[in-house]
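Here is the structure we will look at.
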Amino acid sequence: MSEDKGILFEQKLKNLDALIELGVNPYGARFEVGGSIASVKNNFADGMKVTIAGRIMAYRGHGKSIFFDIKDSTEKMQAYIQNKTVGEEQFAVFSNIEIGDIIGLTGETFTTRMGEPTIKVESFTLLSKSLQPLPEKWHGLKDVETRYRQRYVDLIVNDDVRNTFKLRSKIIQSIRSFFIDKGFLEVETPMMHHIPGGATARPFATYHNALGIPLFLRIAPELFLKRLLVGGFERVFELNRNFRNEGISRRHNPEFTMLEVYQAYADYEVMMELTENLFVSLAQEVWGSTKHVMSDGVEIDLTLPWKRISLKDAVVEACGIDFTTVADPVKAAIDAKLPVKHDMTRDEILCEAFEELVEPKLYNPTFVVHFPSSVSPLAKSLDSDPNVTARFELIVRGQELANAYSELNDPLEQRKRLQKQLESAEDSKQLDEDFIRALEYGMPPAGGLGIGIDRLVMLLTDSDSIRDVILFPQLKPELS
RNA sequence: GCGCCGUUAGCUCAGUCGGUAGAGCAGUUGACUCUUAAUCAAACGGUCGGGGGUUCGAAUCCCUCACGGCGCACCA
């Protein structure tokens, strides 16, 4: 005995031995399942012969008969086993089977006196013996740490968690269909980058032994997707993981799922329409409506059209200060009790004011447009005002859910902007020369869009934490 | 990294003023052939997150460490 797994584990090992003693293989193999429990229940009539498989979730023994609940990926239902139906020998085997075990069974449906659809077991096979005790049947598993660390237990026990992840899968599938139906090509670009680009986040660093070079997990796929525009793919999207070496919070996981979409000959306004249509179609699918009352009691209304406001106007509306023209922006910001530093630029203060005063209060979807060019190095500036860009952020429920712009396709301007950004960068960052070279071949004007999928799923499934929509969220190791 | 809160049986939770730890469920044994949070009976189950301190005595007070939650910071 190398490890003490507790008295319950020992007890279950004894039950396992008892089964082996009776000639039962406790870890069965392939089992021909006749159908799901949901299909049995949905087509229920007395006298049907059915074969199902699942995990035993509850057990009510009555001496010479036993009621138990069995659950598969679709649903839970009651089964009934009697010694006279299966014989004394098999009944003895079954009395060593317990909650948590996975079995397959064949039987005939009937309805109990209390009206419960039930399967009268005629034969059964043990498919997997469980050695760990399941959480309590009534209160279930609540401890969030255990729920995240041992998600498998969370999924066994908590149906709402299971449903959230089924919905997540459905949402992602719908997003794929939405873009594929519109002629977009799904592509996969590198996750390991020589030069991390497309965002300013801190990357995870790794090393390739055979090549002898450092590599970085991508912080965004943007620069590669634009290379594909240069290559002649006019509509592309990528739906996959990004990695950012930053703090973890209710809204941040180090690896998260991002959708990036690029459409040649379009612009940021086309991206707005695309975003609106996507969100509305997802809301219809998940909520059955464009409106939904969240668990905090506040209604989210995604009905079109959505509000549009410029960053500058949004800030003026919130605090009455126009940071783009005010004489001393630092002083004005300090007077407005904004947490600014003395070396911040006018644009940075404007963005700070937006994040502090505007963003948290935008509950219903709002396109905030015209971010300063200085903070948007990959976006095209407006012809009418070169200080701001053809860019929007979509804010819903106080969170940024999407970011899009008319892509800067002027290679000379792009080089200048990236160089300027490098000057202010803390650590030694490099300019992605190949990206510039690609632009020099000519990239069609295009609209580009990024959507944080985890946050979108949070919205649609009414989840407060990103950990509730990521199956295995990042935690510190549990070694104690 | 900082602040606040939390960690008691496998699970869900009590634990009073500092006096030596309890319940329900699960598990074990026994009874029971229509139960469904089945019921009844008995026995079992504890490193009170780890370590240190104060005290005659610590789950309880203090320090420290670990992990988690929330907030801040970080994050175009």
Side-chain angles (χ1 to χ4, degrees), chain A residues 4-15 18 57-69 76-85 91 95-96 98-100 110-118 120 130-150 153-154 156-158 198-203 219-220 222 242 244-254 256 311 339 347-348 351-352 354-355 371-379 389 391 393 400 403 405 417 421 424-426 450 452 464-465 467 473 475-480:
Chain A
D4 180 22
K5 295 213 166 212
I7 196 158
L8 292 170
F9 191 86
E10 295 298 324
Q11 192 54 249
K12 283 171 181 287
L13 279 181
K14 278 183 194 157
N15 289 339
M57 300 303 291
Y59 194 100
R60 297 177 287 281
H62 291 268
K64 295 182 173 116
S65 73
I66 300 161
F67 283 96
F68 59 97
D69 295 338
K76 179 168 84 177
M77 90 176 283
Q78 177 169 271
Y80 181 59
I81 184 165
Q82 294 179 96
N83 69 338
K84 93 176 178 209
T85 323
F91 195 75
S95 43
N96 284 291
E98 57 197 321
I99 290 176
F110 73 104
T111 305
T112 65
R113 206 179 284 161
M114 300 302 289
E116 182 78 22
T118 305
K120 183 179 282 184
S130 172
L131 298 176
Q132 292 280 2
L134 282 180
E136 199 229 344
K137 62 187 168 189
W138 190 244
H139 298 94
L141 178 65
K142 290 182 174 171
D143 182 75
V144 287
E145 185 173 349
T146 310
R147 286 188 42 232
Y148 297 150
R149 282 195 199 284
Q150 294 179 251
V153 181
D154 194 22
I156 289 170
V157 170
N158 292 324
T200 53
R202 199 184 321 164
I219 53 176
E222 174 155 356
N242 286 351
R244 296 186 182 179
N245 204 341
E246 284 152 7
I248 294 176
S249 80
R250 215 155 55 86
R251 302 181 190 79
H252 301 264
N253 195 60
F256 62 101
L311 180 72
D347 287 345
E348 284 167 345
C351 288
E352 183 64 36
F354 168 71
E355 280 165 30
F371 280 68
S373 300
S374 63
V375 300
S376 317
L378 299 164
T389 52
R391 170 181 171 191
E393 277 190 8
E400 176 193 341
N403 181 18
Y405 31 86
R417 297 251 213 120
Q421 197 192 24
S424 56
E426 286 164 22
D464 290 327
S465 170
R467 297 181 195 92
L475 299 176
K476 286 194 187 179
E478 67 180 314
L479 299 171
S480 52

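All chains are named by letter (A, B, ...) in the order of the sequence lines, taking the proteins before the strands, and each is independently numbered beginning at 1. Owing to the predicted nature of the structure, the values given are computational and were not obtained by experimental measurement.
Between A:Gln78 atom CD and A:Thr111 atom OG1 the span is 10.5 Å, to the nearest 0.5 Å. For the atom pair OG (A:Ser373) and CZ (A:Arg417), the distance works out to 5.0 Å, reported to the nearest 0.5 Å. Separation of atoms OG1 (A:Thr118) and CZ (A:Arg113) is listed at 12.5 Å; rounding is to 0.5 Å.
Pairing of B:U7, defined by two Watson-Crick or G-U wobble distances under 3.5 Å, is identified with B:A66. Within the shown strands, B:A23 is the pairing partner of B:U12 under the Watson-Crick or G-U definition, both distances less than 3.5 Å. Within the shown strands, B:C2 is the pairing partner of B:G71 under the Watson-Crick or G-U definition, both distances less than 3.5 Å. In this entry B:C44 has no Watson-Crick or G-U wobble partner, no candidate having both defining distances under 3.5 Å. The base-pairing partner of B:U39, taking Watson-Crick or G-U wobble contacts with both distances under 3.5 Å, is B:A31. Figure legend. B:U60 is base-paired to no nucleotide; pairs are counted as Watson-Crick or G-U wobble with both atom distances under 3.5 Å.
Between A:Asn253 atom CG and B:C74 atom C1' the separation is 15 Å, expressed in whole Å. In this structure, A:Gln150 places its CD atom 13 Å from P of B:G10, rounding to the nearest Å. Atom-to-atom, CD1 of A:Ile81 to P of B:U35 comes out at 18 Å; the value is rounded to the nearest Å. Atoms CG (A:Asp143) and C1' (B:C25) sit 17 Å apart, rounded to a whole Å. The distance from atom CD of A:Glu136 to atom C1' of B:C11 is 6 Å, rounded to the nearest whole Å. Between A:His62 atom NE2 and B:U36 atom C1' there is a gap of 8 Å when expressed in whole angstrom units. Remark: P of B:U36 and CD of A:Glu116 are 11 Å apart, rounded to the nearest angstrom. A:Phe91 places its CZ atom 11 Å from the P atom of B:C32, with the value rounded to the nearest Å.
Summarising the geometry of A:Arg244 relative to A:Ala201, their closest heavy-atom pair is CD-CB, 3.4 Å, with the distance given to 0.1 Å. Listed here is the closest heavy atom pair of A:Phe91 and A:Ile66: CZ-CD1, 3.8 Å. Closest approach of A:Ile156 to A:Met57, counting heavy atoms only: O-CE, 3.7 Å.
Phosphate proximity of B:C75 to A:Arg250: absent, as no side-chain N or O sits under 4.0 Å from OP1 or OP2. Between A:Asn15 and the phosphate of B:U28, there is a side-chain N or O to OP1/OP2 separation shorter than 4.0 Å. Look at A:Arg113 and you won't find any side-chain N or O under 4.0 angstrom from OP1 or OP2 of B:C34. Side-chain N/O atoms of A:Lys137 include one lying less than 4.0 angstrom from OP1 or OP2 on B:A26. For A:Lys476, a side-chain nitrogen or oxygen approaches OP1 or OP2 of B:C67 to under 4.0 Å. Within the structure, every side-chain polar atom (N or O) of A:Arg202 is placed at least 4.0 Å from both OP1 and OP2 of B:C75. Listed pair A:Arg149 / B:C67 fails the phosphate criterion, with no side-chain N or O lying under 4.0 Å from OP1 or OP2.
Using a 4.0 Å heavy-atom cutoff across all strands shown, A:Tyr148 reaches sugar-phosphate atoms only and no base atom. Nucleic acid contact for A:Leu134: none, since no nucleic acid atom lies under 4.0 Å from a heavy atom of the residue. In this structure, A:Glu98 reaches the sugar-phosphate backbone alone: every heavy-atom distance under 4.0 Å involves primed, P, OP1 or OP2 atoms, never a base. Among the heavy atoms of the strands lying under 4.0 Å from A:Leu141 are primed sugar atoms or P, OP1, OP2 only; no base atom is included. Note on A:Gly198: a base of the nucleic acid sits closer than 4.0 angstrom, heavy atoms only. Note on A:Ser376: nothing from the nucleic acid sits closer than 4.0 angstrom, heavy atoms only. Across all strands shown, A:Arg467 has heavy atoms under 4.0 Å from sugar-phosphate atoms exclusively, and none from any base. Within 4.0 Å of A:Gly61, counting heavy atoms only, lies at least one base atom of the nucleic acid. A:Ala201 comes within 4.0 angstrom of the backbone, heavy atoms only, and of no base. Backbone-only engagement by A:Val144 is indicated by non-hydrogen atom pairs under 4.0 Å involving sugar-phosphate atoms exclusively. Within 4.0 Å of A:Arg391, counting heavy atoms only, lie sugar-phosphate atoms of the nucleic acid but no base atom.
Judged by closest nucleotide on RNA chain B, A:Asp69 is the one of A:Arg244 and A:Asp69 placed further toward the 5' end. Position along RNA chain B of the nearest nucleotide to A:Asn83 versus A:Gly115 favours A:Asn83 as the more 5'-ward residue.
A gap of 47 Å separates the P atoms of B:C65 and B:U29, to the nearest Å. For the C1' atom pair drawn from B:U33 and B:A26, the interatomic distance equals 24 Å after rounding to whole Å. Straight-line distance between the P atoms of B:C63 and B:C70: roughly 25 Å, to the nearest whole Å. Between the P atoms of B:C25 and B:A37, the separation comes to 13 Å (whole Å). Distance noted for atom C1' between B:G10 and B:G71: 33 Å (whole Å). Of the C1' atoms belonging to B:U54 and B:G69, the separation is 30 Å, rounded to the nearest Å. Between the P atoms of B:C17 and B:G51, the separation comes to 27 Å (whole Å). Only the P atoms considered, B:C67 is 28 Å distant from B:G15, to the nearest whole Å.
Taking 4.0 Å as the cut-off between side-chain N and carboxylate O, A:Arg60 and A:Asp69 count as a salt-bridged pair. The pair A:Arg391-A:Glu393 meets the salt-bridge criterion, since a charged nitrogen lies less than 4.0 angstrom from a carboxylate oxygen.
For A:Met114, the side-chain atoms get nearest to B:U36 when compared with the rest of B:U33, B:U36, B:C70. Comparing atom distances between the A:Thr112 side chain and each of B:U12, B:C75, B:U35 picks out B:U35 as nearest. When distances run from any side-chain atom of A:Lys142 to the nucleotides B:C13, B:G10, B:C70, the shortest one goes to B:C13. The nucleotide whose nearest atom lies closest to any side-chain atom of A:Ile99 is, among B:A26, B:U36, B:C70, B:A26. Here the nucleotide nearest the side chain of A:Leu8, chosen from B:C67, B:G27, B:C25, is B:G27.
Under 3.5 Å, the side chain of A:Gln78 and the base of B:U35 form at least one donor-acceptor pair of N or O atoms. Looking at A:Tyr80, its side chain comes within 3.5 Å of the base of B:U33 through a donor and an acceptor atom. Residue side chain A:Gln82 reaches the base of B:U33 through a donor-acceptor N/O pair under 3.5 Å, judged by distance alone.
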Please evaluate residues A:Tyr59 and A:Phe68 with respect to the criterion ring pair (Phe, Tyr, Trp, His ring centres under 6.0 Å), reporting the C-alpha separation (whole Å), side-chain torsions for both, the decisive distance (0.1 Å), and the verdict. CA-CA 4 Å; A:Tyr59 194 100; A:Phe68 59 97; 7.1 Å; no

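A cation-pi contact links A:Lys120 to A:Phe110, judged by a cut-off of 6.0 Å to the six-membered ring centre and 45° from its axis.
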